[in-house]
Amino acid sequence: MNHRFPRRDKMRRIALSIRRIALSIYWAFLTVVRSFSMVRQKDAAAYYTMLGDDVIDFMNEGYVDNSKPLWLNLGYWKVARTYPDACVAMVELLGTRAGLQPSDGVLDVGVGFAEQDFVLLDRFKVSDITGIDITPVHVDKARERVAKRGLEKQIDIRLGSATAMEFPDASFEKVLALECAFHFDTRDQFMREAFRVLKPGGTIALADMLPNPGKKSSRATAFGRRYGHIPEANLYDREEYSRRLSAAGFGDVLVESIREDVFPGMAKYSRQRVVGNKKMDEVVVEVSEDDRAQCRGVEMWERGTGLTDYVIVSARKPLDTGVPA
């Protein structure tokens, strides 16, 4: 019996090596395919059109499963163990940081398929939500899903740009951006537009990805950023993020890193999906305290884009002083 345990450990190490090799082959394949697909992609809308109905590259199922949740964020894995639960947890964290109230009119920028808006209505009972997105398929699918739930009076989905919004000044109590502002050309311009459309005393809240403080980007990550349409102008860390929000006119700025509760869980989820060829609802993730302490899995994003920090951000537009914003 004693001889079986070393053999069992050896087999486990071999299996782990095989999985790692398979994952490396996948990422190498992904890099090659990206190099061709990037040629025909002109903006973030093209990227998300290609991405389709799944957050993981080339796992698109073409919207054939009407029951599949259409989430496109990395999720908040502090407690959650499944991907949909992690995505819901991220929306709840964002809504809590925004201080959402039942009387709020909310602008959801980068609305995607409106998955988060259903959570916002259910958990925070907000008055109404206007969602904008530059990706036509997102807008079309989101409108279909809103209509199917009979929520057209509460959720209004529009095609629109985060950096040139077609809304009057002081239109909303809250502005949200769930994991999309790093695509905006530029994030600074979005901050100015968000300030303009917020009512005095209103709040902006974002879940966003950044370079980790002290980390410099490389030529390899520049390729990944071009593929994902992440402007170089958005590559600043959380300290600079806070300064730029203040420069845009915001007060009560809070920028908090939650990277250890995002990257390890999403990396484990992605590996199971890719290496195990599993469906979304077949994956259960366990994240250890050591995983969090080491932020294991973040290297996937470090190699791909250089965005290795994940932050929850909030800031407030000052009350009207009688001076035009």
Side-chain angles (χ1 to χ4, degrees), residues 73 90-112 116-117 119-121 123-134 154-158 160-210 231 233-234 236-258 309-325:
N73 73 86
M90 182 66 80
V91 177
E92 291 177 334
L93 179 62
L94 185 65
T96 299
R97 180 58 60 83
L100 293 182
Q101 300 293 327
S103 60
D104 284 340
V106 178
L107 174 62
D108 183 7
V109 182
V111 67
Q116 64 262 28
D117 292 349
V119 176
L120 294 173
L121 283 181
R123 306 298 169 89
F124 297 97
K125 315 299 182 186
V126 296
S127 173
D128 58 87
I129 302 171
T130 301
I132 62 171
D133 202 292
I134 65 166
Q154 294 167 280
I155 302 177
D156 177 15
I157 306 296
R158 307 183 188 185
S161 168
T163 58
M165 300 183 196
E166 297 181 354
F167 301 111
D169 296 355
S171 295
F172 303 96
E173 281 80 17
K174 303 289 164 59
V175 173
L176 306 182
L178 173 61
E179 202 175 301
C180 54
F182 54 89
H183 289 301
F184 299 161
D185 195 6
T186 61
R187 186 193 285 120
D188 290 4
Q189 176 60 21
F190 164 63
M191 290 177 183
R192 290 188 286 269
E193 276 291 88
F195 188 91
R196 181 183 66 79
V197 302
L198 274 170
K199 296 179 180 180
T203 300
I204 182 176
L206 311 93
D208 209 352
M209 295 175 69
L210 316 167
N234 294 340
Y236 46 82
D237 64 19
R238 67 184 88 124
E239 286 83 6
E240 181 63 18
Y241 205 122
S242 180
R243 286 192 287 270
R244 294 192 183 208
L245 277 167
S246 296
F250 288 99
D252 299 328
V253 177
L254 179 60
V255 182
E256 177 189 6
S257 178
I258 57 168
D309 199 7
Y310 198 107
V311 293
I312 293 291
V313 180
S314 62
R316 190 177 303 277
K317 181 174 180 176
L319 290 172
D320 194 1
T321 61
V323 179

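Residue numbers start at 1 and run along the sequence shown.
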Within the 4.5 Å heavy-atom criterion, are Val126 and Leu121 side-chain neighbours or not? yes

Side-chain heavy-atom pair Val119, Met90 within 4.5 angstrom cut-off: no

Arg316 side chain vs Thr203 backbone, donor-acceptor pair below 3.5 Å: no

d(Leu94 CG, Phe124 CZ) to nearest 0.5 Å is 8.0 Å

Output the distance between atom CZ (Phe190) and atom CZ (Phe182), rounded to the nearest 0.5 Å. 12.5 Å

Sub-4.5 Å side-chain heavy-atom contact between Phe184 and Asp208: no

Measuring from atom CD1 of Ile204 to atom NZ of Lys174, what distance do you get when rounded to the nearest 0.5 angstrom? 12.5 Å

Side chains of Val111 and Ile129, heavy atoms from C-beta outward: is any pair under 4.5 Å? no

With the side chain counted from C-beta on, respond yes when Ile155 and Ile157 share a heavy-atom pair under 4.5 Å apart, and no when they do not. yes

Could you tell me the separation between the CD1 atom of Ile134 and the OG atom of Ser161, rounded to the nearest 0.5 Å? 7.0 Å

Closest heavy-atom pair, Ala315 versus Leu245, reported as atoms and distance to 0.1 Å, is CB-CD1, 4.3 Å

Within the distance-only criterion (no hydrogens, no angle test), does the side chain of Asp156 pair as donor or acceptor with the backbone N or O of Thr130 below 3.5 angstrom? no

Between Leu210 and Asp237, is there a side-chain heavy-atom distance shorter than 4.5 Å? no

For Glu166, does the CD atom have more than 12 heavy-atom neighbours from other residues, nucleotides or ligands under 6.0 Å away? no

Quick one: does any side-chain atom of Glu193 pair with a main-chain N or O of Met165 as donor and acceptor, under 3.5 Å? yes

So which atom in Ser242 and which in Val253 form the shortest heavy-atom distance, rounded to 0.1 Å? OG-CG1, 3.5 Å

With the side chain counted from C-beta on, respond yes when Leu206 and Tyr241 share a heavy-atom pair under 4.5 Å apart, and no when they do not. yes

Drop me the distance from Asp108's CG to Cys180's SG, to the nearest 0.5 angstrom. 7.5 Å

Minimum heavy-atom separation for Gly201 and Leu319, please, with both atom names. CA-CD2, 3.9 Å

Determine whether Phe250 and Val313 satisfy the following criterion, side-chain contact (heavy atoms from CB on, under 4.5 Å), listing intermediate values before the conclusion. CA-CA 12 Å; Phe250 288 99; Val313 180; over 6 Å; no

Can you tell me how far NZ of Lys317 sits from CZ of Phe172, rounded to the nearest 0.5 angstrom? 12.0 Å

Please name the pair of heavy atoms, one in Ala98 and one in Ala205, separated by the smallest distance, quoted to 0.1 Å. CB-CB, 3.6 Å

Okay, side chain of Gln189, backbone of Thr163: is any donor-acceptor separation there less than 3.5 Å? yes

Check: Arg238 side chain, Asp309 main-chain N or O, donor-acceptor pair, under 3.5 Å: no

I need the minimum non-hydrogen distance between Ala170 and Pro200, along with the two atoms involved. CB-CD, 4.3 Å

Which pair of heavy atoms, one from Arg244 and one from Ala233, lies closest together, and at what distance? NH1-O, 4.0 Å

Do Glu256 and Arg97 sit within salt-bridge range, that is, some charged N less than 4.0 Å from a carboxylate O? yes

Do Arg187 and Tyr236 make a side-chain contact, defined as non-hydrogen atoms from C-beta onward lying under 4.5 Å apart? yes

When you measure from the side chain of Asp104 to the backbone of Glu173, do you find a donor-acceptor pair of N or O atoms at a distance under 3.5 Å? no

